[in-house]
Protein chains: 2
Amino acid sequence: MTAPAVVRRRRSQRGSGDQLRAEIVAVAKRLLAAATSVDGVSIRAVADAVGVTPPSIYLHFADKNDLIAAVVADVFAELDAAMLEAGARAQGPMEKLRDYGMAYVRFAVDHPEHYRLAAMDPCPRPDVDEVLANSAFVHFNATVVECIEAGIFPAGDPLPITLDLWSAAHGIASLLIAKPFLPWGDRDQAVERVLCAAALGHAAVGLVGEPATPARVTEWLKRRRPSRRTPRASR
Amino acid sequence: MTAPAVVRRRRSQRGSGDQLRAEIVAVAKRLLAAATSVDGVSIRAVADAVGVTPPSIYLHFADKNDLIAAVVADVFAELDAAMLEAGARAQGPMEKLRDYGMAYVRFAVDHPEHYRLAAMDPCPRPDVDEVLANSAFVHFNATVVECIEAGIFPAGDPLPITLDLWSAAHGIASLLIAKPFLPWGDRDQAVERVLCAAALGHAAVGLVGEPATPARVTEWLKRRRPSRRTPRASR
DNA sequence: TGTACATCAGTGAACGCGCGTTCACTGATGTAC
DNA sequence: TGTACATCAGTGAACGCGCGTTCACTGATGTAC
């Protein structure tokens, strides 16, 4: 065992208190990536890893929730950056939407605990505007608008479509995280299948010209392609 | 304040140790419904609420995880019962799938913490077979098979379709739970929209006859319905 | 240039708490004789 | 029917631990004169 590693930090310069703040957020983020819940990372552990005493944390954050919130904001920014980069070279709005969605899910799978923290755990301070003003959400919604303008999705309010597609991406992302052992087969394929099915479903709703209900879905399918097999009596 | 309520239980009869076990599970389940995480419910709190001392719990469960696992099993059983009841009077496989999906999401929204525990939190002891043999999953998959047999979904392995539809239901369910403050509008409508879009997407994949990719989706849409508006240059 | 002083980032020690789990024990119940 | 005894569900007290947070303090830094 090594000695209790008292690597004392150099004290910050007068004006540069923000440096320690940023370092605390970065370290907390790193530790949270390896924990399975917020309770798994303590203020003391963060302080230790930064090389500072626990009370120092309170010079920069009101309390633990405040620190966690800062990490969540950082995670969302990273997610947005990953999405933007993935969608930068898309050929059209539909491709961009796909690239965004794939990048979203890949981020979730690559940083499961960060994703859990940001999108699956209960919000410590829930705020509509904060989510809707979130860069990732804004970029996603803008692309849905492009799809509407391109005639891919039915005209109208983009918000429900954005929420629906987000649900689809979140569904496959969070299920991959929560139940990674399921027989997903090739993960990228599964993700693309789900995202395309959702997008296609919405596009098809536009084709049908009416909101989809199961009755309409069935009717629509019957009209266009009569059953290839006789339905068996259900056991 | 009332006196420390020492309501001592009657000691169980010799053979009826299972009665206390069941009572512990029921109480733990009730307490978990009001907590935001497993850490929010302690062995001590469960013991208190049952009217028993903490060590008694260990006569019936190896440790806390074991107790939680019993609650999760109970939650899944309740979920399956709710789904079965909802789908009992469905007219066809597609309607049954819809009823199952709606019941699934309703259960999640009505019991958010139970759903979080069972489907969103990390599995304490992950087990493929346990999930795939789970009644709710089996019933869901069987209905997908019926849909395939009825020609609604493309022929082939039902498992990917089941997983995809589960992802869709899980997506809207868990997002409603994690971000209830978003502008969902009418919740039932949002749920039906997402589920139908997913189902319709898969059905449409069957129509197209090839796996969906964004390129194919766009092409397919263009072939069948040229853009109603000229795409604007993206800003 | 030198010195007294104000500032404030960070410290050390402690507060009070609740946790999961263990262990020797109790005492009501059922049973053997 | 009566009594000694074995069983074992449940108890009381404690173990060792880590937690979030507070508070009076320190001492390097920058500044006023």
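Every chain is numbered from 1 and lettered A, B, ... according to where its sequence line falls, protein lines coming before strand lines.
Here B:Phe76 and B:Phe107 keep their ring centres 6.0 angstrom or further from each other.
Listed pair A:Ser42 / D:dG18 fails the phosphate criterion, with no side-chain N or O lying under 4.0 Å from OP1 or OP2. Between A:His60 and C:dA9, a side-chain N or O to OP1/OP2 separation shorter than 4.0 Å is absent.
One can place CG of B:Asp48 at 13 Å from C1' of C:dC19, the figure rounded to the nearest angstrom. Following rounding to the nearest Å, A:Leu67 (CG) and D:dC19 (P) show an atom-to-atom distance of 14 Å. Distance B:Ile24 CD1 to D:dG10 P: 8 Å, rounded to the nearest Å. Between the C1' atom of D:dT22 and the CG atom of A:Leu59 lies a distance of 12 Å, rounded to the nearest Å. The distance between atom CZ of B:Phe61 and atom P of D:dG10, rounded to the nearest whole Å, is 12 Å. Taking atom CG of B:Asp63 as the reference point, atom P of C:dT21 lies 5 Å away to the nearest angstrom. Regarding B:Ile43, its CD1 atom lies at a distance of 21 Å from the P atom of D:dC15, rounded to whole Å. As rounded to whole Å, 11 Å separates atom P of D:dC19 from atom OH of A:Tyr58.
Across D:dA13, D:dT22, C:dG20, the shortest atom-to-atom separation from the side chain of B:Lys64 is found for C:dG20. Which of C:dT21, D:dT21, D:dG10 sits closest to the side chain of B:Leu20 comes down to D:dG10. Candidate nucleotides D:dT11, C:dG12, D:dG20 were compared by shortest atom distance to the side chain of A:Thr53, and C:dG12 ranks first.
The partner of C:dT7 is D:dA28, by the rule that a Watson-Crick or G-U pair needs both atom distances under 3.5 Å. When both distances must be under 3.5 Å, the Watson-Crick or G-U wobble mate of D:dG16 is C:dC19. Pairing for D:dG2 is with C:dC33, a Watson-Crick or G-U wobble pair whose two hydrogen-bonding atom distances lie under 3.5 Å.
Using a 4.0 Å heavy-atom criterion, one finds that B:Ser56 contacts the bases of the nucleic acid, with or without backbone contacts as well.
Distance alone, capped at 3.5 Å, places no donor-acceptor pair between the B:His170 side chain and the B:Trp166 backbone. Side-chain atoms of B:Trp184 come within 3.5 Å of backbone N or O of B:Lys179 as a donor-acceptor pair. Using modelled atom types, one side-chain atom of B:Arg116 and one backbone atom of A:Met120 make a donor-acceptor pair closer than 3.5 Å. In terms of modelled atom types and a separation under 3.5 Å, the side chain of B:His114 and the main chain of B:Lys29 share a donor-acceptor contact.
For the pair A:Asp39 and A:Pro55, both in contact range of DNA chain D, the more 5′-proximal nearest nucleotide belongs to A:Asp39.
Side-chain atoms of B:Arg44 come within donor-acceptor range of the base of C:dG20, with a qualifying N/O pair under 3.5 Å.
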